[in-house]
2 protein chains.
Amino acid sequence: MGKSPIRLKDIADRTGFSVNTVSLALRQSPRIPEETSLRIREAAEALNYLPNHVAKSLVNRETKTIGLVLTDITNPALTQVAQAIEMALSTRGYSTLFATSNNDLEEEKRVIEVFRSRQVDGMLIYPRSHRELAHIRRLRQAGYPVVLLVGDPDAGIDAVCVDERRGAYRAVRHLIDIGHSRIGIIDTSNAKGNLEKRDGYTQAHQEAGILVDMELLADPLGNSVIRGYWAMDRLMSMPVRPTAVFAANDSLAIGALRWTQKNNLRVPKDVAIIGFDNIEFAEHAATPISSVKYEVEMVTELAVERLLQLIAAPDGLPKPRVTMIDPELIVRDSTAGRGD
Amino acid sequence: MGKSPIRLKDIADRTGFSVNTVSLALRQSPRIPEETSLRIREAAEALNYLPNHVAKSLVNRETKTIGLVLTDITNPALTQVAQAIEMALSTRGYSTLFATSNNDLEEEKRVIEVFRSRQVDGMLIYPRSHRELAHIRRLRQAGYPVVLLVGDPDAGIDAVCVDERRGAYRAVRHLIDIGHSRIGIIDTSNAKGNLEKRDGYTQAHQEAGILVDMELLADPLGNSVIRGYWAMDRLMSMPVRPTAVFAANDSLAIGALRWTQKNNLRVPKDVAIIGFDNIEFAEHAATPISSVKYEVEMVTELAVERLLQLIAAPDGLPKPRVTMIDPELIVRDSTAGRGD
DNA sequence: CCAGCTTGTATTATCGCCCATGACTTTGAT
DNA sequence: ATCAAAGTCATGGGCGATAATACAAGCTGG
């Protein structure tokens with residue numbers, strides 16, 4: 001802490017006015033004449049006064065801070081989300097308290113409690129699991145403004161997110177369109193996890209009348225490049241290899257691509273690869289990787305906007321609204337039409 | 001906000017004890033008998049009581065939160081730093097307020113003011129510039145615990161960081177050792193920016209008796225892959241091309257590598273490339289890229305430890321201490337010894 | 001010339017919690 | 001039985017700010 005935190009009282013003593021007058025003057029109240037207001041403003045300046053936000057929060061019952069809960073930030077797409085949210089909130093006068101759940105449900109619950117205790121005005125949450133949202137629903141029902149960054153239309157919680165099911169559908173549909181019928185998928189296969197992408201994968205298959213082979217699902221058990229590499233290794237060790245692979249995010253896709261390099265397969269000739277999120281590293285990989293664009297700006301802007309709406313709602317929270325952004329498919333070399 | 005924030009008073013009313021007794025009981029004071037304490041604890045549980053951290057902060061004059069200021073988080077190495085810091089602080093009972101300066105000095109000053117106003121107990125700052133630290137030094141002199149994440153031994157401010165000068169020296173020295181003498185460098189050439197890496201580059205040259213050609217410095221004007229690509233383009237358009245390139249971070253290095261692919265140059269045969277930070281994408285690039293390891297765990301752990309020391313210092317801040325971590329060089333294919 | 005209105009400032013209460021003080025009760029030693 | 005030493009709880013003040021209310025002056029007008 002600074003040695004001598006200047007308080008309103010210090011300005012009051014110096015100028016001879018009362019604490020209250022000083023407070024009013026600094027907040028541009030019309031009840032204070034220009035003359036006094038100016039003298040007080042000058043004194044504050046001279047003393048280098050900074051209002052104590054904590055005290056203000058206590059009386060106003062709002063902290064002008066929101067809590068941001070992410071699973072882990074190492075996924076480049078989530079990183080951008082974090083930064084964009086911080087900036088969007090900052091321009092609106094809010095600060096952001098930040099915490100990672102480290103993909104652990106108990107930890108997620110804990111940080112939410114911490115945020116509540118710290119009286120955040122609202123929370124933006126990227127939950128660990130899309131199926132275990134009871135604790136968050138309870139929060140909402142208790143009147144807390146919350147917006148999720150992943151969407152489950154019937155979770156009863158506001159959400160703004162890219163439509164992952166639809167994005168995955170587009171990616172896999174694209175692979176089918178260019179002639180593939182044996183398509184591997186690298187995605188976390190946790191029953192309580194995010195099933196949207198697998199749903200999209202399945203839907204595209206069904207629509208095309210292709211049987212879904214669960215053998216073609218490889219769980220990378222993580223999200224790093226190297227996890228993608230080993231998941232690809234498993235897929236390509238099958239008796240009948242897939243001719244194309246859909247990876248749930250670009251890090252995994254880059255790992256898969258890396259595997260093809262090491263094993264002298266050509267992409268897209270021997271195997272096509274498509275990712276998700278459209279991070280810069282995918283665009284500039286050895287073979288530019290097709291991907292599904294994660295609309296960072298749009299998601300964050302809408303999510304922040306919605307959260308502030310909830311916070312400002314005069315009487316109770318309005319009915320939850322889920323906004324799903326239909327993502328764009330970016331086609332690059334890794335899924336260029338097959339030559340044969 | 002939750003509809004009915006439970007206060008100590010509510011528990012007091014329910015149990016018949018006074019607010020004070022409740023407060024003491026919940027804080028495990030030995031002055032309250034087990035029996036009473038238990039009944040109060042149960043009532044708190046039943047009412048789902050959560051202490052109001054804001055009120056507590058006002059009384060205790062500490063918020064148990066620290067402010068983290070980063071330039072921008074899109075550099076994957078900084079991302080990891082952010083997450084590691086959050087986790088390290090979390091286990092010690094601190095929350096982290098997070099803000100990006102967006103590489104703008106005025107913005108950096110602004111967020112620091114905001115943090116001060118919010119009474120953070122201390123700050124961790126990755127400053128925009130290594131040369132404009134006056135505002136931060138003033139902070140320290142006013143008694144604020146601050147630890148920088150970049151180091152200038154004579155800035156008069158505590159710091160924990162990787163020794164970028166030394167890391168760059170090692171990288172360039174390595175290039176010289178394997179036979180290169182015309183070495184390009186892709187690094188921001190802002191006079192007020194981070195000069196450490198260029199210093200290391202220069203030192204390695206001088207030690208080897210090689211003249212430094214300032215023509216070989218390309219400013220990418222940013223940190224993305226594509227910026228690295230264009231900086232590389234400029235370097236390789238010179239009448240006499242460099243035979244090796246040192247990039248100030250791995251994103252830039254990956255961009256440079258990408259340029260060689262598009263222009264059919266072989267790495268390391270035609271041109272060697274080395275990066276900085278050792279992010280996962282460098283390891284798994286088309287040609288695995290040599291890099292200087294950014295010791296995320298060590299930097300964050302030491303920085304947090306030091307900051308908490310400063311916060312706990314009983315009488316005034318101790319003399320500033322700068323800890324520079326000597327980074328390890330990771331050699332990969334992109335700088336394998338030249339065949340000729 | 002005083003009721004009745006502005007106008008400018010001071011007083012007091014409040015936010016939720018912690019701390020110092022001390023009153024009252026119980027226990028144990030003499 | 002008396003008194004000191006613990007033990008147990010309530011009271012009041014304060015953290016730094018805002019908000020509601022009160023209170024002096026200075027005007028106006030009938």
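All chains are named by letter (A, B, ...) in the order of the sequence lines, taking the proteins before the strands, and each is independently numbered beginning at 1.
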**Message:** Measuring only between side-chain heavy atoms, which start at C-beta, is Ile125(A) closer than 4.5 Å to Leu149(A)?
**Reply:** no
**Prompt:** Separation of Arg118(A) atom CZ from dC15(C) atom C1', in whole Å?
**Reply:** 19 Å
**Rounded interatomic separation in angstrom, taking CD1 from Ile32(A) and P from dT7(C)** = 13 Å
**Item:** Glu42(A) and Arg39(A) ion-paired at < 4.0 Å
**Value:** no
**Request:** For residues Val114(A) and Arg118(A), determine if any side-chain heavy atom of one lies less than 4.5 Å from a side-chain heavy atom of the other.
**Result:** yes
**Validation row: Asp72(B), Asn103(B) side chains within 4.5 angstrom (heavy atoms)** = yes
**Message:** In whole Å, I'd like the distance from the CG atom of Leu8(A) to the C1' atom of dA10(C).
**Reply:** 15 Å
**Request:** Write down the distance between CZ (Arg61(B)) and C1' (dC17(C)), rounded to a whole number of angstrom.
**Result:** 14 Å
**Message:** Expected output is a numbered-order residue list: members of residues 50-59 of chain A with a heavy atom under 4.0 Å from any atom of DNA chain D. What is it?
**Reply:** Pro51(A), Asn52(A), Ala55(A), Lys56(A), Leu58(A), Val59(A)
**Message:** Assess whether a salt bridge exists between Arg110(A) and Glu107(A), defined as any Lys/Arg side-chain N lying under 4.0 Å from an Asp/Glu carboxylate O.
**Reply:** yes
**Message:** Is Ser23(B) close enough to dC18(C) that one of its side-chain N or O atoms is under 4.0 Å from OP1 or OP2 there?
**Reply:** yes
**Prompt:** Would you call Glu301(B) and Arg92(B) a salt bridge, using N to O less than 4.0 angstrom?
**Reply:** yes
**Item:** Pairing residues for Asp10(A) by the side-chain hydrogen bond (donor to acceptor under 3.5 Å, both in side chains) criterion, not counting sequence neighbours
**Value:** Arg7(A)
**Message:** With heavy atoms of chain B within less than 4.0 Å as the criterion, where does contact along DNA chain D begin and end?
**Reply:** dT8(D) to dG16(D)
**Message:** Rounded to whole Å, how long is the line connecting atom CG of Leu24(B) with atom C1' of dG16(C)?
**Reply:** 15 Å
**Complete:** If each end axis of the helix from dC1(C)-dG30(D) to dT30(C)-dA1(D) is fitted on five C1' pair positions, the angle between them, to 10 degrees, is 60°
**Message:** Less than 4.0 angstrom between a side-chain N/O of Tyr49(B) and OP1 or OP2 of dG16(C), yes or no?
**Reply:** no
**Request:** For the residue pair Thr79(B) and Asn75(B), establish whether any side-chain heavy-atom pair is separated by less than 4.5 Å.
**Result:** no
**Item:** With Arg128(B) via salt bridge (charged side-chain N to carboxylate O under 4.0 Å, His left out) - residues at least two apart
**Value:** Glu132(B)
**Request:** Figure out the CZ/P separation between Arg7(B) and dC18(C), and round it to whole Å.
**Result:** 14 Å
**Complete:** From CD of Glu35(A) across to C1' of dT7(C) the rounded distance in Å is 15 Å
**Spacing of Glu62(B) atom CD relative to dC19(C) atom P, expressed in whole Å** = 11 Å
With a 3.5 Å cut-off and sequence neighbours excluded, list the donor-acceptor pairs that the side chains of residues 154-161 of chain A form with protein atoms.
| residue | atom | partner | partner atom | Å |
| --- | --- | --- | --- | --- |
| Asp158(A) | OD1 | Arg140(A) | NH1 | 2.3 |
| Asp158(A) | OD2 | Arg306(A) | NE | 2.6 |
| Asp158(A) | OD2 | Arg306(A) | NH2 | 2.8 |
| Asp158(A) | OD2 | Arg321(A) | N | 3.0 |

**Request:** Provide the closest heavy-atom pair for Ser37(A) versus Ala25(A) in the form atom of the first, atom of the second, distance.
**Result:** OG-O, 3.8 Å
**Asked** Using a cut-off of less than 4.0 Å, is there contact between a side-chain N or O of Ser18(A) and OP1 or OP2 of dA10(C)?
**Response** yes
